[in-house]
Protein chains: 2
Amino acid sequence: MSATRPYHHGDLRSALLRSAERTLREKGAGALSLRELARDIGVSHAAPGRHFKDKQALLDALALDGYERLNQALHTAAEHPGLTLEERMTALARAYLGFAVGNPELLELMFARKHHPDSSAQLASAVDHSLASFTGLITDAQERGEIVPGDPERITMVAAASLHGLAALIAGCALEAEEALAGLDAHVHLLLHGLRPR
Amino acid sequence: MSATRPYHHGDLRSALLRSAERTLREKGAGALSLRELARDIGVSHAAPGRHFKDKQALLDALALDGYERLNQALHTAAEHPGLTLEERMTALARAYLGFAVGNPELLELMFARKHHPDSSAQLASAVDHSLASFTGLITDAQERGEIVPGDPERITMVAAASLHGLAALIAGCALEAEEALAGLDAHVHLLLHGLRPR
DNA sequence: ACCTGAACACCGTTCAAGT
DNA sequence: ACCTGAACACCGTTCAAGT
C-alpha cells in the first residue's frame, strides 16, 4: 500500500454515505456540506457529483438506508408469535421508538417533505414496508378476534400514527426519550384498551 | 407619498416575516434565503441582520407565530362545553389536522429540532400551551368518569401523539390529507374506545 | 435607530481536461 | 470509469460608514 492517495478512491460512494451519516448524527442535517464531506475524505469538491446527482440525492440515499435499518428492526421485533397481542405491539413500539431515540436526525430526514422525484417512489415503498409490520400484526389479531373488526389499513394507521407521533415528538425535542420509553407499556395499553373506561 | 423608496423601510421586521412565510408556503423552507427576501422587499442584503440576529432567528420567529395561530385554533375548538367528549375530541382533532393540512411546511418548522437557545424556551412554552388544550379536555372528562383514571399527562400524550402522528404523516406526504380528514371521526372513535373489542 | 456597500469565507453545480 | 481544477452564481454574516 502506498502513502499517497490514489487518483481513484475506489469506494467513494459508500465513503460519502458513511461520512455523511456521521455528520448528520454529530452536527445535524443543516451542517451537512458536500464540499466538507469531500475535504474530510480527501477528494476534490467536484467528486461527489459523480456519485450523487446533487445534495438531495445524497440525503435521499441516507433516508433510504435509514428505512432499511428501521424495517429490519421492525421485522425482527414482529417475529415473536408466542407473545400476546399486547406484548407483540409493545415489542414493535419499542423497536420503533428505539430507532427514533437512536437516530433522531435521520428520522427527521426520512420523514422530510422534500425528496427527489427519482427517490420518492422508493421512499414511499419503504414507508409501506414499515407499515406492513403493523398491518401484519393487526390482521393476525383480527382473525383471532383480539382486534376490533374493520378496515385493517385504518386500524393500522391509528396504531402507527400514535407511535409515529411519539417518535416525532422525541425527534423534535418536545418529549424526552427516557420518559417516552418508560411510559411505552402504558401507552400501548391505552391504545389497545381505549381512553374511555370499560 | 414619494415614488422613491425611503431610506428607512418603517416596518421591515414584519415585512420580512410576511415575505418569509409566503416563500415557506410556496417554495418550502429550503428555498428561503435572507438575501432573496431583502431583494423582494427592496432593501439591502444586510438589512435583515438588524432585525434578526441570524437566519435561524427568523425561522424561530415564524415557528412562534405558527404556534400562536395553532393555539388560537385549538383554544377555539375546545370551547364547546355542550358537546359530548367524543365530539369535543373530534373538534380538537379537526382543528389540529386542519392546521397541518393548511400549513405543512410551517408545521415542519415548528417541530424541527434546531432552534436557537434564545427561542427554545418560548417554543417549549408554546408546545405546552398546545398540549394544555388537550389536557383540559381530558381532566374535565376524567371528573365525569368519561376517561380512564390515571396521570392526565400520560393520557394527554396518547391522544396528542396520535394526532401529531397523523399531522406529521400528512406534512411528510406519507398520508394524503383528504384521506386523513375523511377518516378522522373513526380515528378518534378508535382512540377513545380502543383497538380491542369490548 | 436604522440602513448601505463592500468584504469575507463559505456554498452547490457544471464542465473541460486529466489519469 | 472516475476524478480534478477552475469557474459561476449564489449564500450568511460582519462592520465601517452613511442618513
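Reckoned from all heavy atoms, side chains included, excluding hydrogens, waters and symmetry mates. Here the structure is a predicted model, which is why all the values come from computation and not from measurement. Just so we're on the same page: letters track the sequence lines, and every chain starts at 1.
Summarising the geometry of A:N71 relative to A:A126, their closest heavy-atom pair is ND2-O, 3.2 Å, with the distance given to 0.1 Å. When all heavy atoms are compared, the tightest approach of A:L17 to A:L62 is O-CD2, 3.7 Å.
Picking from D:dA6, D:dC3, D:dG12 the nucleotide with the shortest atom distance to the side chain of A:H45 gives D:dA6. Which of D:dT13, C:dA16, D:dA16 sits closest to the side chain of A:R50 comes down to C:dA16. Between D:dA16, D:dT13, D:dC3, one nucleotide has an atom nearer to the side chain of A:V43 than all others, and that is D:dC3. Of the candidates C:dC3, D:dT14, D:dG12, the closest approach to any side-chain atom of B:A46 belongs to D:dT14. Considering only side-chain atoms of A:S33, the nucleotide from C:dC3, C:dC11, D:dG12 that sits closest is C:dC11. Of the candidates C:dC3, D:dT13, D:dC11, D:dC11 carries the atom nearest the B:R39 side chain, counting heavy atoms from C-beta on.
If you measure from atom CZ of A:F52 to atom C1' of C:dG12, you get 15 Å, rounded to the nearest angstrom. Taking atom CG of A:L12 as the reference point, atom C1' of D:dA1 lies 13 Å away to the nearest angstrom. Atom P of nucleotide D:dT13 and atom NZ of B:K53 are separated by 9 Å, given to the nearest angstrom. Here C:dC10 presents its C1' atom at 12 Å from NZ of A:K55, a figure rounded to the nearest Å. Rounded to whole angstrom, the span from the NE2 atom of B:H9 across to the P atom of C:dC3 amounts to 8 Å. In this structure, B:R35 places its CZ atom 11 Å from C1' of D:dA9, rounding to the nearest Å. Residue B:H51 contributes atom NE2, which lies 17 Å from atom C1' of D:dG12 at whole-angstrom precision. Between B:L37 atom CG and D:dC11 atom P the separation is 10 Å, expressed in whole Å.
Using a 4.5 Å heavy-atom cutoff, the side chains of A:R50 and A:H9 are not in contact. No side-chain heavy atom of B:L85 sits under 4.5 Å from any side-chain heavy atom of B:R144.
Two residues, B:L32 and A:G10, neighbour DNA chain D, and the one matched to the more 5' nucleotide by heavy-atom proximity is A:G10.
A salt bridge is defined here as a Lys NZ or Arg NE, NH1 or NH2 lying under 4.0 Å from an Asp or Glu carboxylate O, and A:R22 with A:D40 fails to meet this definition. Comment: B:R88 does not engage B:E146 in a salt bridge, judged by the lack of any side-chain N to carboxylate O separation of less than 4.0 angstrom.
Base pairing in DNA chain D yields stems of at least 3 consecutive Watson-Crick or G-U pairs, both distances under 3.5 Å, namely C:4-8 with D:12-16, C:12-16 with D:4-8.
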Would you give me the side-chain donor-acceptor pairs under 3.5 Å for residues 98-117 of chain B, sequence neighbours excluded?
from, atom 1, to, atom 2, distance (Å)
B:N103, OD1, B:R25, NH2, 2.5
B:N103, ND2, B:F99, O, 3.0
B:E105, OE1, A:R113, NE, 3.4
B:E105, OE2, A:R113, NH2, 3.4
B:E108, OE2, A:R113, N, 3.4
B:R113, NE, A:E105, OE1, 3.4
B:R113, NH1, A:A171, O, 2.5
B:R113, NH2, A:E105, OE2, 3.4
B:H115, ND1, B:D60, OD1, 2.9
B:H115, NE2, B:A112, O, 3.0
B:H116, NE2, B:D54, OD2, 3.0

